[in-house]
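Data block below; observations after.
What you see is a predicted model, and the numbers here were worked out from it, not measured in a lab.
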Amino acid sequence: MKKEALTIPTKPMDEKDILPLCGMKPPAFFLQIDWMTLACMRKPLIKLSFDKKSAEDWLLYDQIEILAEKMDVDFCDAAHWGLRRALGVQFESVRRMNKGRAPWNDDVRYICRIFALQLCNSRRFKNAYQASNLDNVIAELLVTDEELLLEAKSGNTLAI
């Protein structure tokens with residue numbers, strides 16, 4: 001029996017809701033990806049290791065990596081953009097949750113941890129594959145564009 005081919009979840013593109021990536025409009029394919037559904041394909045499980053033979057393990061990672069290559073941006077920037085697309089209007093409230101100003105919603109924390117896992121895998125972090133360590137990486141993905149611009153100016157550092 002053959003395994004069913006994995007498909008990337010999509011949703012209709014809203015022309016009013018085009019989030020730029022590093023000041024550029026991403027290709028339509030990436031605007032149509034349902035990033036939240038893609039991140040939640042294994043929910044409630046968080047598989048902390050990637051099996052080289054498992055297409056499912058790499059599906060979200062591959063989309064982020066392809067987006068980064070097509071847009072000529074860093075993997076972290078592409079992951080940040082994908083997470084913002086997944087969270088949508090919840091992005092600011094999730095930032096408050098991460099800073100301890102609001103209690104975490106378990107569904108949202110799961111999505112953030114999945115994206116943090118992708119970032120850990122891209123950097124080949126050792127010892128990052130524990131939920132508590134993933135939570136430390138989430139802050140990097142929740143930085144705003146304004147904070148990134150401020151950090152880019154000489155002499156400024158970003159306190160996460």
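- The line from CZ of Arg85 to CG of Leu21 is 11.0 Å long, rounded to the nearest 0.5 Å.
- Between Thr144 and Arg95, some side-chain heavy-atom pair lies under the 4.5 Å cut-off.
- With Leu83 as the fixed residue, the side-chain contact (heavy atoms from CB on, under 4.5 Å) test singles out one of Leu141, Ile114, Ile64: Leu141.
- In this structure the side chain of Lys43 reaches within 4.5 angstrom of the side chain of Asp107, judged on heavy atoms.
- For the atom pair Arg84 CZ and Leu19 CG, the distance stands at 5.0 Å (nearest 0.5 Å).
- Tyr110 and Ile46 get closest at one heavy-atom pair: CE1-CG1, 3.4 Å.
- Across all their heavy atoms, His80 and Val143 have their closest contact at CE1-O, 2.5 Å.
- Inter-residue side-chain proximity for Arg42 and Asp57 is flagged as met; some heavy-atom pair is nearer than 4.5 Å.
- Counting heavy atoms from C-beta outward, Val94 and Trp104 have side chains that approach closer than 4.5 Å.
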N/O donor to acceptor pairs below 3.5 angstrom from side-chain atoms of residues 65-74, sequence neighbours left out:
residue, atom, partner, partner atom, Å
Asp74, OD2, Cys76, N, 2.9

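- In this structure the side chain of Tyr61 reaches within 4.5 angstrom of the side chain of Phe75, judged on heavy atoms.
- Put simply, SG on Cys112 and CG on Leu134 are 11.0 Å apart, with the number rounded to the nearest 0.5 Å.
- We find the CZ-CD distance between Phe115 and Gln118 to be 7.5 Å, quoted to the nearest 0.5 Å.
- Residues Leu117 and Arg113 have side chains not in contact (no heavy-atom distance under 4.5 Å, counting atoms from C-beta outward).
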Output a table of donor-acceptor pairs, distance under 3.5 Å, between side-chain atoms of residues 28-40 and any protein atom two or more places apart or on a different chain; print 'none' if there are none.
residue, atom, partner, partner atom, Å
Asp34, OD1, Met36, N, 3.4
Asp34, OD1, Thr37, N, 3.2
Asp34, OD1, Thr37, OG1, 3.3
Asp34, OD2, Thr37, OG1, 2.7
Trp35, NE1, Phe30, O, 3.1

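- Side-chain heavy atoms closer than 4.5 Å link hydrophobic residues (I, L, V, M, F, W, Y) into clusters, and following such links, possibly through other members, connects Met13 to Met24.
- Two residues are said to be in side-chain contact when any heavy atoms from C-beta on lie closer than 4.5 Å; Ser93 and Gln90 meet this criterion.
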